[in-house]
Amino acid sequence: MRSVDGAYCREPRLMPSALIVEDEPLLRAELVDQLHALWPELQIAGQVENGIDAVASIDMLKPDIVFLDIQMPGLNGMEVARHIPESCQVVFVTAYADYALAAFDAGASDYLVKPVTTSRLLQTIRRLKSRTAASPPPAVWEQLFEQESVPVYLKWIKASSGNSVRLVMVSEVLYFQSNEKYTRVVTDNGDSLIRLPLKSLLDQLDPQLFTQIHRSAVVNLQAIDRIERIESGVRSGPGLEVILKGRTERLTVSEGFAKQFRQM
């Protein structure tokens, strides 16, 4: 909006705005998708990938909230936080929980550890809304929370492979398999491990894409070539095995999860 003397001035903003600061494009896109789904009223004012651009964008855009990665090129998140005015809420987002105390010491409104789950992000959104001056009356937010039936599922995971860390798109995973304290992640490009129990992981997977076939195995339905019956030698009848497209391994379907395949 242009004033009488020709200078630009900002129009009043009824809804809060946010700046996303994250140097990994996939992670940045994932957070934006989650925020669009869980907080559609939030305006994403900008997205930047390094600390220097973050400082410039904060000064230019004057967002109400900054979702701020800690480890970035240029300036790290803690250094960027020194340039953020007190009126702006800061949510640190990082893969390392060790920074939590330092983040709150820096005045953070909240702290998220990657990968960010839907339930944890909802807690953060509630906290931000309660502190945002432009928030609607509580009754309105209650109605919005009642509409949280649209789930947001994992789209990527960070998995260890030897001494390296891979960014794996969940849609490319053929199956997950419990491996003692870890979960094995199997794709056409190889195997890797994540430090997340299979039970916790299952809650974050799209049930339209993944199904549990055993207490220690979850398979991508799009990766299944066929289901074969095998003689189990017990009164309950033949068992089932999953054969994947282009793979030689056969995954056992336990009796408790066989019902979903009985009519196939």
Side-chain angles (χ1 to χ4, degrees), residues 24 26-27 30 33-34 94-98 112-123 148-264:
E24 297 186 48
L26 286 175
L27 309 189
E30 172 70 11
D33 286 347
Q34 288 180 301
T94 181
Y96 304 97
D98 296 343
L112 295 170
V113 178
K114 306 173 187 176
V116 179
T117 64
T118 300
S119 59
R120 183 63 184 85
L121 184 56
L122 281 172
Q123 291 179 9
E148 290 166 3
S149 57
V150 180
V152 178
Y153 299 109
L154 282 179
K155 292 185 179 180
W156 58 268
I157 51 176
K158 278 187 174 181
S160 301
S161 180
N163 294 323
S164 62
V165 176
R166 297 174 53 198
L167 189 64
V168 180
M169 297 302 296
V170 172
S171 60
E172 296 177 358
V173 176
L174 303 176
Y175 62 93
F176 296 95
Q177 192 170 51
S178 180
N179 185 352
E180 297 181 356
K181 296 181 180 179
Y182 303 88
T183 295
R184 181 180 169 218
V185 181
V186 181
T187 70
D188 280 330
N189 296 322
D191 297 8
S192 49
L193 297 173
I194 56 176
R195 290 177 175 269
L196 187 66
L198 190 63
K199 183 178 180 182
S200 299
L201 177 65
L202 185 61
D203 294 335
Q204 303 178 51
L205 297 176
D206 186 348
Q208 298 297 318
L209 186 60
F210 289 91
T211 188
Q212 189 166 15
I213 62 171
H214 193 278
R215 64 181 180 85
S216 62
V218 173
V219 66
N220 187 331
L221 291 169
Q222 296 181 351
I224 296 177
D225 179 59
R226 63 189 185 277
I227 309 294
E228 288 190 357
R229 297 181 182 277
I230 56 173
E231 294 300 327
S232 61
V234 297
R235 291 185 178 182
S236 60
L240 299 176
E241 285 186 334
V242 169
I243 292 83
L244 303 176
K245 299 173 184 176
R247 307 280 296 193
T248 58
E249 64 262 53
R250 304 170 75 93
L251 305 178
T252 300
V253 181
S254 64
E255 182 63 28
F257 298 100
K259 185 177 180 180
Q260 60 187 317
F261 300 115
R262 289 301 186 196
Q263 296 180 350
M264 293 183 64

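Along the sequence shown, residues carry numbers from 1. If you're wondering where the values come from, they're calculated on a predicted model, not measured in any experiment.
- Closest approach of L198 and A217 over heavy atoms only: CD2-N, 3.5 Å.
- Between I243 and I227 there is no side-chain heavy-atom pair separated by less than 4.5 Å.
- Here E241 contributes atom CD and I230 contributes atom CD1; the two are 4.0 Å apart, rounded to the nearest 0.5 Å.
- Counting only heavy atoms from C-beta outward, the side chains of L196 and Q204 approach each other to under 4.5 Å.
- Residues T94 and V113 have side chains not in contact (no heavy-atom distance under 4.5 Å, counting atoms from C-beta outward).
- Annotation: the span from S216 atom OG to N179 atom CG amounts to 10.0 Å, rounded to 0.5 Å.
- For F210 and Y175, the ring centers sit 6.0 Å or farther from each other.
- At a cut-off of 3.5 Å, with distance as the only test, no side-chain donor of Q177 or T183 sits close to an acceptor on the other residue.
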Full working for side chain to side chain contact (heavy atoms under 4.5 Å, CB included) between L205 and V218: CA-CA 10 Å; L205 297 176; V218 173; 4.0 Å; yes

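- Atoms CD and OG1, from Q123 and T117 in turn, are 7.5 Å apart once rounded to the nearest 0.5 Å.
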From CA spacing to verdict: side chain to side chain contact (heavy atoms under 4.5 Å, CB included), D191, V185: CA-CA 6 Å; D191 297 8; V185 181; over 6 Å; no

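- The closest donor-acceptor contact from the side chain of T252 to the backbone of S254 lies at 3.5 Å or more, if one exists at all.
- By the 4.5 Å heavy-atom criterion applied to side chains, H214 and V253 are not counted as neighbours.
- Put simply, the side chain of N220 gets close to the backbone of S171: a donor and an acceptor are under 3.5 Å apart.
- By the 6.0 Å contact criterion, CZ on F257 is enclosed, its count of non-hydrogen atoms from other residues, nucleotides or ligands being greater than 12.
- Using a 4.5 Å heavy-atom cutoff, the side chains of L26 and K155 are not in contact.
- Of all the heavy atoms in A159 and V168, the pair that sits closest is CB-CG2, 4.3 Å.
- Between atom CZ of residue R215 and atom OG of residue S178 there is a gap of 7.5 Å, rounded to the nearest 0.5 Å.
- Listed for the Q34 side chain is a donor-acceptor partner under 3.5 Å among the backbone atoms of V116.
- Shown here for L193 and R184, the closest heavy-atom pair between the two residues is CD2-CA, 3.7 Å.
- The shortest side-chain heavy-atom distance between V242 and R250 does not fall under the 4.5 Å cut-off.
- At distances below 3.5 Å, at least one donor-acceptor pair connects side-chain atoms of T187 with backbone N or O atoms of G190.
- Between Q208 and L221, the shortest heavy-atom distance links the atoms O-CD1, 3.8 Å.
- For Q260 (side chain) and I213 (main-chain N/O), no donor-acceptor pair under 3.5 Å exists by modelled atom type.
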Residue pair L240, E228: steps toward the side chain to side chain contact (heavy atoms under 4.5 Å, CB included) verdict: CA-CA 6 Å; L240 299 176; E228 288 190 357; over 6 Å; no

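- The shortest heavy-atom contact between L209 and Q222 is CD1-CD, 3.5 Å.
- Side-chain contact between V219 and I224 is present, with at least one heavy-atom pair separated by less than 4.5 Å.
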F176 vs V186, side chain to side chain contact (heavy atoms under 4.5 Å, CB included): CA-CA, chis, key distance, verdict: CA-CA 6 Å; F176 296 95; V186 181; over 6 Å; no

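- For the pair E24 and K158, the salt-bridge criterion is met [side-chain N within less than 4.0 Å of a carboxylate O].
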